[in-house]
Amino acid sequence: MAESYNVKEIEAKWQARWESEGLYQVDNDDPRPKAYVLCMYPYPSGAAHQGHVRNYTFGDLIVRYRTMCGEAVLSPFGFDSFGLPAENAAIKTGIHPRFFTDARIGELKESVKRLGAVYDWRRELKSHDPSYIKWSQFIFTKFFEAGLAYKKNAPVNWCPGCQTVLANEQVLPDGTCERSGDLVIKRDLEQWFLATTQYAEELLSGLDALEWPERVKTMQRNWIGKSQGTKFKMAIAGTDDLFLEVFTTRPDTTFGMTYAVISPEHPQLDNLTKDAFRAEVEGFRIDATDRSEIERQSTEVNSKVKRGVFTGSYAINPFTGKEVPVYVADYVLMGYGTGAIMAVPGEDQRDYEFAKIYGLPIIRTVQPPDDFDGEAYTGPGPKINSDWLNGLDVDEAKAKATEFLVSKGLGEATIQYRLRDWLVSRQRYWGCPIPIVNCPNCGLVAVPFEQLPVLAPDDVEFLPTGDSPLASHPTFKYTTCPNCGEEAIRETDTMDTFVDSSWYFLRFCDPGADTVPFSTEAVATWMPVDQYIGGIEHAILHLMYARFFTKALADLGYVPSRIREPFKRLFTQGMIRLGGSKMSKSKGNLIAPTKYFDTVGADSLRLFHLFVGPPADDFDWSDQTEDVIDGCFRFLNRVWRIALGSAESFPGVTIKIEDRAADVRDKEILRLTHRLIAKVSQDYERWSYNTAVAALMEFTNSLYRYAGSGAQQETFDLAVDTLIKLLAPMAPHISAEIWDRRNGGLVHAEAWPTPDPELVKSDRQTLVVQINGKVRDKIEVDPEIGEDAAISLVLASAKVQQALGGKDVKKTIVKLPKMVSLVV
RNA sequence: GCCCGGGUGGUGGAAUGGUAGACACGGAGGACUCAAAAUCCUCUGCCCCCAAGGCGUGCGGGUUCGAGUCCCGCCCCGGGUACCA
């Protein structure tokens, strides 16, 4: 593409200037109103990819826009630099993960700078930096002291071939190891947990006040999974001391229990299993525990997989006194409720599937509606087949059933959460070491502050065998107890990288702090984050963990107590897909942004990401995408020509400036200018950047017509300068250059324009006439028109009369000034 | 499986329950040019020779004077599913 403005020169020039002028460096004592705008810090996988570009384009737009609105905007950048990919690379090549990570941080930073996104780089942080590790570890020790970090046994994916723990990602759908192909099994290991469940209730209730996308809040609510229910004990037939305790959300359905189920991991399973059934139960148990949870929870009928076996024991239904068989089945998980259930196939679909396979009876205890043709019925209705509950509705019956169990001393009403404590142990090298020492005398002891950070040794071998490189290191593991000085064993697990990302936004407020992780005052100045921006894929885990950390740190006194939530507003952007799946380095389907920086420039690429669709929607990259990017470049060139056309001459562009009094043409463009300010400002606020770009394009088209037909200097200048200001947060380089050439100075230091409400008002209106819901005529009217006048105008229309065909108007609906609807 | 989204011209998309398709890409035509590129202008949902008109927002129902938008049931595509981040 020829005949265009000099992209490379202009973009390089302004990037250097923004950095040297420090327009976007903010100090904690800045007098302006404060705002904190943050994009989720990235895992450094090399040069920025399109997902990053999209993310930082939105973030940068907001930073520049809010700055023009007069705020001091904190806009920091950092790197989530621990993680599995660097360690995998180390195993493959033998080169230390830090080497990869540092190189990739360099590439990412370079490409982010070429995007023209501005940050306060003085605040940059990296989670693998010892100064960051130190404080991640400090927080962990505080959690440990507060009882929020603890150790217990938990099953992990174990590959017998590699002799190592696998991430879920490394286990293929068929249950084998992606590296060795061995069948992955579950193995119990002692693991560190953070007690997220202690905050379950607040994590749930806190969502209400957040300005987050509804779908994200819904996902989090479902994830926490609060359910009101009843726990009760059932006697085991033929024994005096054996009980099975179950949890149910439907105590009203107890009369419909036709069997009970115990989880394969349940400690009581062994006691409940009769000898004749032991071999089969044991075989099933081993098989089921190695299956993934997703597979186990599936209700899809798969004849190859055994869903459960009979244990030989019978439980006694406390409502009927009748015996029901106790099965062990894969779909009941030990981690939820009591690890055992009463099964009511009539009202639970998973129980229904199971009962069908094993020929167990199905009794309905709620009368479904006549037109119900499903299997299990979970809706409302009167109780049936339930003796003294018959006729009650479900809620009444739940209360009465629970009352009965309580009165018999068998059970109680309880609240269960689906949320589990957070398993943070990782048997890996490239992560933040857990700062705990295990002393034979003192037990688990936190490494004291003076000895932090605990850093992993560099002289390790990265082999795809054995335990974590830390566990097999000759000296790292062996230390002395900070308490008693005796020989002790150091914890060799590292932390989940979600730990690092759970507090980095706090550190950004005070990145240099060296006696505390961050000062409470600095956090009070900036937190909560006013606008957080990131991918929808983080809707649950990262956002939940960060919320948990904020609450826990507030309770420990590090975060001001009024700040209970880290992110006031959240925006989740859509993903870039190529060939149907998420664009990512691991999938190898990247379209690198760098090539566009060298041709059409960062401004065009940014504009493309803003223009191509709603920011929240996914976008499919296709063959035609390049044409759209070229289209954005063409638009910027059109702006360049019209804005600078009176000083230079461009082919095809005529700017006729006339020295005359204002006339209709000037009034019209002035009106359009003010409507544009209103439209773009509104679209900026509601995350509708694609329509904001469209409005700028439309206005530019009008401006061409205006300039060609004869323009007044003053009006023309106002129109152009407004256009440039409105464009400045989107395409900052070209806007800065045009502004500087026309007016001198920095467009990004200009105040955001405000529209004149009088000029925004429309002076004409199309009134639509509908007859029986179909559009039959359109009439130009005064926007202030009254109802009677509108109806007479409508009835006077020949088209309307023709469409009415002499029929009587039964009803008239008037929505002025847009529509009159006649019903005949 | 479960939880959460999405589906509108050839393409990306626009549309407080009220004119479906703004803006752009692609395509067609024209101006400029020796010619091309660049630029500027016009047209462009489908059916119909044109018009009048009809049909159209994944599929099937429903609510409403009026449904892309709200409700119910499907189909397809994507995200998450606790050790990818």
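When reading the values below, keep in mind they use all heavy atoms of this one structure, side chains included, and skip hydrogens, waters and symmetry mates. What you see is a predicted model; the values in this text were computed from it and never measured. The sequence lines fix the lettering, A, B, ..., with proteins before strands; numbering per chain opens at 1.
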Checklist entry - Does any N or O in the side chain of A:Asp617 come within less than 3.5 Å of the main-chain N or O of A:Gly613, such that one atom is a donor and the other an acceptor? => result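 No: the side chain of A:Asp617 does not pair with the backbone of A:Gly613.
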Item to check | Donor-acceptor contact below 3.5 Å, side chain A:Arg606 vs main chain A:Met730 | outcome: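 Judged by distance alone, yes, a pair lies under 3.5 Å.
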Using a 4.0 Å heavy-atom cut-off across all strands, classify [X] as base, sugar-phosphate, or nothing.
X        : value
A:Val156 : base
A:Gln682 : nothing
A:Met575 : sugar-phosphate
A:Ile813 : base
A:Leu84  : sugar-phosphate
A:His542 : nothing
A:Val768 : base
A:Thr812 : nothing
A:Leu696 : nothing

Taking [M] as the reference, what is the distance to [N] when you measure between their [atom1] atoms (whole Å, please)?
N     : M     : atom1 : value
B:A31 : B:A35 : P     : 11 Å
B:A22 : B:C34 : P     : 37 Å
B:G45 : B:G10 : P     : 10 Å
B:G62 : B:A15 : P     : 29 Å
B:G18 : B:C23 : C1'   : 22 Å
B:C59 : B:G7  : C1'   : 11 Å
B:G29 : B:C49 : P     : 22 Å
B:G12 : B:G6  : C1'   : 15 Å

[X] side chain: which of [options] is closest?
X        : options             : value
A:Met697 : B:A24, B:C65, B:C84 : B:A24
A:Glu698 : B:C3, B:A85, B:C23  : B:C23
A:Tyr704 : B:C41, B:A82, B:U19 : B:C41
A:Asp80  : B:U19, B:A85, B:A82 : B:A85
A:Asn157 : B:A85, B:G79, B:C83 : B:C83
A:Lys811 : B:C3, B:C65, B:C84  : B:C65
A:Asn701 : B:U19, B:C83, B:A24 : B:A24
A:Arg638 : B:A82, B:C40, B:C83 : B:C40
A:Glu537 : B:G80, B:C83, B:C23 : B:G80

Next on the checklist: Run the ring-ring contact (aromatic ring centres under 6.0 Å, His included) test against A:Trp503 and tell me which residues pass, sequence neighbours left out.
Outcome noted: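 A:Trp503 satisfies ring-ring contact (aromatic ring centres under 6.0 Å, His included) with A:Tyr132 only.
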Next on the checklist: According to ring-ring contact (aromatic ring centres under 6.0 Å, His included), who are the partners of A:Tyr336, at least two apart in sequence or on a separate chain?
Outcome noted: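 A:Tyr336: no ring-ring contact (aromatic ring centres under 6.0 Å, His included) contacts found.
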Item to check | Sub-4.0 Å heavy-atom contacts from residues 816-824 of chain A onto RNA chain B, ordered by number | outcome: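 Of all residues in residues 816-824 of chain A, the ones placing a heavy atom under 4.0 Å from RNA chain B are A:Met819, A:Ser821, A:Val823.
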Item to check | Most 5' of A:Val693 and A:Gly773 on RNA chain B, judged by nearest nucleotide | outcome: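 Nearest nucleotide further toward 5': that of A:Val693.
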Next on the checklist: Quick check: on RNA chain B, is the nucleotide nearest A:Asp627 upstream (toward 5') of the one nearest A:Tyr41, or the reverse? Name the residue that is more 5'.
Outcome noted: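 With A:Tyr41 and A:Asp627 compared, the 5'-side residue is A:Asp627.
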Counterpart residues, salt bridge (Lys or Arg N to Asp or Glu O under 4.0 Å), relative to [X] (two or more places apart):
X        : answer
A:Lys226 : A:Glu201
A:Glu178 : none
A:Glu265 : A:Arg296
A:Arg547 : A:Glu565

Residues 686-696 of chain A, side-chain donor-acceptor partners within the protein, below 3.5 Å, at least two apart:
unit_1: A:Arg686; atom_1: NE; unit_2: A:Asp683; atom_2: OD1; d: 2.9
unit_1: A:Arg686; atom_1: NH2; unit_2: A:Asp683; atom_2: OD1; d: 3.0
unit_1: A:Ser688; atom_1: OG; unit_2: A:Thr691; atom_2: OG1; d: 2.5
unit_1: A:Thr691; atom_1: OG1; unit_2: A:Asp683; atom_2: OD2; d: 2.9
unit_1: A:Thr691; atom_1: OG1; unit_2: A:Ser688; atom_2: O; d: 2.9

Item to check | Secondary-structure stems, RNA chain B, at least 3 Watson-Crick or G-U base pairs under 3.5 Å | outcome: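 Correct response: B:1-7 with B:75-81, B:10-12 with B:23-25, B:26-31 with B:39-44, B:45-47 with B:53-55, B:58-62 with B:70-74.
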Next on the checklist: Are more than 12 heavy atoms, taken from residues, nucleotides or ligands other than A:Lys152, located less than 6.0 Å from that residue's NZ atom?
Outcome noted: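 Check passes, neighbour count above 12.
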Checklist entry - Which nucleotides of nucleotides 5-15 of chain B have their base under 4.0 Å from a protein heavy atom (B), which only their sugar-phosphate (S), and which neither (-), written as one string 5' to 3'? => result S----BSBSSS
Donor-acceptor pairs are to be reported for all side-chain atoms of residues 808-824 of chain A against protein atoms at under 3.5 Å, with residues two or more places apart or in another chain.
none

Item to check | Under-4.0 Å salt bridge between A:Glu491 and A:Lys151 | outcome: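 Yes, charged N to carboxylate O under 4.0 Å.
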Checklist entry - Heavy atoms, side chains only, cut-off 4.5 Å: are A:Trp422 and A:Val499 in contact? => result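 Yes. Closest side-chain heavy atoms under 4.5 Å.
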Checklist entry - Using the ring of each side chain (for Trp, its six-membered ring), is A:Phe82 parallel, tilted or perpendicular to A:His128, with breaks at 30° and 60°? => result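 Because their plane-to-plane angle is over 60°, the rings of A:Phe82 and A:His128 count as perpendicular.
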Checklist entry - Once the angle between the rings of A:Phe498 and A:His542 is folded into 0 to 90°, is it parallel (under 30°), tilted (30 to 60°) or perpendicular (over 60°)? => result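 Rings of A:Phe498 and A:His542: parallel, under 30°.
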Checklist entry - When the aromatic ring centroids of A:Phe619 and A:Phe608 are compared, is their separation below 6.0 Å? => result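 Ring centres of A:Phe608 and A:Phe619 closer than 6.0 Å.
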Taking only N/O atoms, report every protein-nucleotides 54-57 of chain B pair under 3.5 Å with atom names and distance.
unit_1: B:C55; atom_1: OP2; unit_2: A:Lys774; atom_2: NZ; d: 3.4

Checklist entry - Which way is the base of B:G27 turned, syn or anti, if we draw the line at 90° from 0? => result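 Chi for B:G27 falls in the anti range.
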